[in-house]
Amino acid sequence: VTKPDSPKLKWKIGPEKSGFEKLGQTWSTPTLFRMPTKDGSVPALVFGGGYSPADHDPHDGNGRHTGPKARTNADAMGNTVYIVNAETGDLIWSAGHEHMKWSIPGGVSVVDADLDGVADHLYFGDLGGQLFRVDLDKQGQHVVHRIADLGGSGTSHRRFYEAPAVGYVRSGAEKHLYVVAA
């Protein structure tokens, strides 16, 4: 906010905007970071695609909650990660992947592994109990990896609603990466 006494909305994103058709209920806090580009970097925001209530909130015909719902084969919305230009709101990149089937209501953890001020990796979980890593590339060849499938099945399957905590720990000359999701 440049002028705190008279703030102005710079941009707005919704599922009606091109490229955001799978955007669900947005629960995650956008994370500000420097996105690598072939010309250097740009200020960007990354956020999960949101929650898909039709796929996770079972109700009877009278609107009463009917208990836990079994894991679906895929969610209709929210199973995407979005990166937008922080200044303009324009879509820079969105992640879809063969294993990204369930909503991503939580935030996305950003890691600058080489401490150069530009992000190298993104980590996030979904409502199918999966954890993912995105390797960011200056040429725009970002790669999504599923690093864990912990979901299970039935009505007691694991779901991740929050961004995972990510940390590097040095032990002598070795560097270990820890990803903790709850």
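Values below: every heavy atom of this structure, side chains too, minus hydrogens, waters and symmetry copies. In this text the structure is predicted, and so the values were computed from the model without any measurement.
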Exercise for the section: Kindly check if the number of other-residue, nucleotide or ligand heavy atoms within 6.0 Å of NZ (Lys17) is above 12? Expected result: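 Atom NZ in Lys17 is packed in, count exceeds 12.
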Exercise for the section: Would you indicate whether Glu16, at its atom CD, is surrounded by more than 12 heavy atoms from other residues, nucleotides or ligands within a distance under 6.0 Å? Expected result: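 Counting other residues, nucleotides and ligands, CD of Glu16 exceeds 12 neighbours.
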Practice task
Quick one: do Phe124 and Glu162 satisfy side-chain contact (heavy atoms from CB on, under 4.5 Å)? Show the steps, please.
Solution key: CA-CA 8 Å; Phe124 60 92; Glu162 298 291 334; over 6 Å; no
Can you give me the closest heavy-atom contact between [X] and [Y], atom names plus distance?
{"X": "Gly24", "Y": "Met77", "result": "CA-SD, 3.9 Å"}
{"X": "Ala86", "Y": "Trp11", "result": "O-NE1, 3.3 Å"}
{"X": "Pro36", "Y": "Lys138", "result": "CB-CG, 3.9 Å"}

For the [atom1] atom of [X] and the [atom2] atom of [Y], what is their distance to the nearest 0.5 Å?
{"X": "Gln130", "Y": "Lys101", "atom1": "CD", "atom2": "NZ", "answer": "7.5 Å"}
{"X": "Met35", "Y": "Trp93", "atom1": "CE", "atom2": "CH2", "answer": "7.0 Å"}
{"X": "Lys38", "Y": "Asp137", "atom1": "NZ", "atom2": "CG", "answer": "11.5 Å"}
{"X": "Asp149", "Y": "Leu131", "atom1": "CG", "atom2": "CG", "answer": "9.5 Å"}
{"X": "Thr80", "Y": "Leu23", "atom1": "OG1", "atom2": "CG", "answer": "8.5 Å"}
{"X": "Leu45", "Y": "Ser28", "atom1": "CG", "atom2": "OG", "answer": "10.5 Å"}

Exercise for the section: Just do the side-chain contact (heavy atoms from CB on, under 4.5 Å) check on Tyr51 and Tyr161 with the steps written out, would you? Expected result: CA-CA 9 Å; Tyr51 185 72; Tyr161 287 92; 4.2 Å; yes
Does the side chain of [X] reach to within under 4.5 Å of the side chain of [Y], using non-hydrogen atoms?
{"X": "Asn79", "Y": "Asp126", "value": "no"}
{"X": "Asp120", "Y": "Asp114", "value": "yes"}
{"X": "Val143", "Y": "Val134", "value": "no"}
{"X": "Phe47", "Y": "Ile104", "value": "no"}
{"X": "Val42", "Y": "Ile92", "value": "yes"}
{"X": "Glu87", "Y": "Pro43", "value": "yes"}
{"X": "Thr31", "Y": "Val110", "value": "yes"}
{"X": "Val144", "Y": "Phe132", "value": "yes"}

Ignoring hydrogens and geometry, is there a side-chain-to-backbone donor-acceptor pair from [X] to [Y] under 3.5 Å?
{"X": "Arg34", "Y": "Gly117", "result": "no"}
{"X": "Ser41", "Y": "Val118", "result": "no"}
{"X": "Ser109", "Y": "Pro164", "result": "yes"}
{"X": "Ser171", "Y": "Glu174", "result": "no"}
{"X": "Asn85", "Y": "Gly89", "result": "no"}
{"X": "Asp112", "Y": "Ala119", "result": "no"}

Handout entry: Residue pair Val46, Phe33: steps toward the side-chain contact (heavy atoms from CB on, under 4.5 Å) verdict
Key = CA-CA 8 Å; Val46 61; Phe33 71 105; 3.6 Å; yes
Problem - Phe20 and Tyr82 aromatic centres sub-6.0 Å - result: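 Distance test on ring centres: under 6.0 Å, yes.
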Handout entry: From CA spacing to verdict: side-chain contact (heavy atoms from CB on, under 4.5 Å), Ile83, Leu122
Key = CA-CA 11 Å; Ile83 299 175; Leu122 306 174; 3.9 Å; yes
Problem - Any side-chain donor near an acceptor of the partner, His142 and Asp135, under 3.5 Å - result: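 No, Asp135 and His142 have no side-chain donor paired with an acceptor closer than 3.5 Å.
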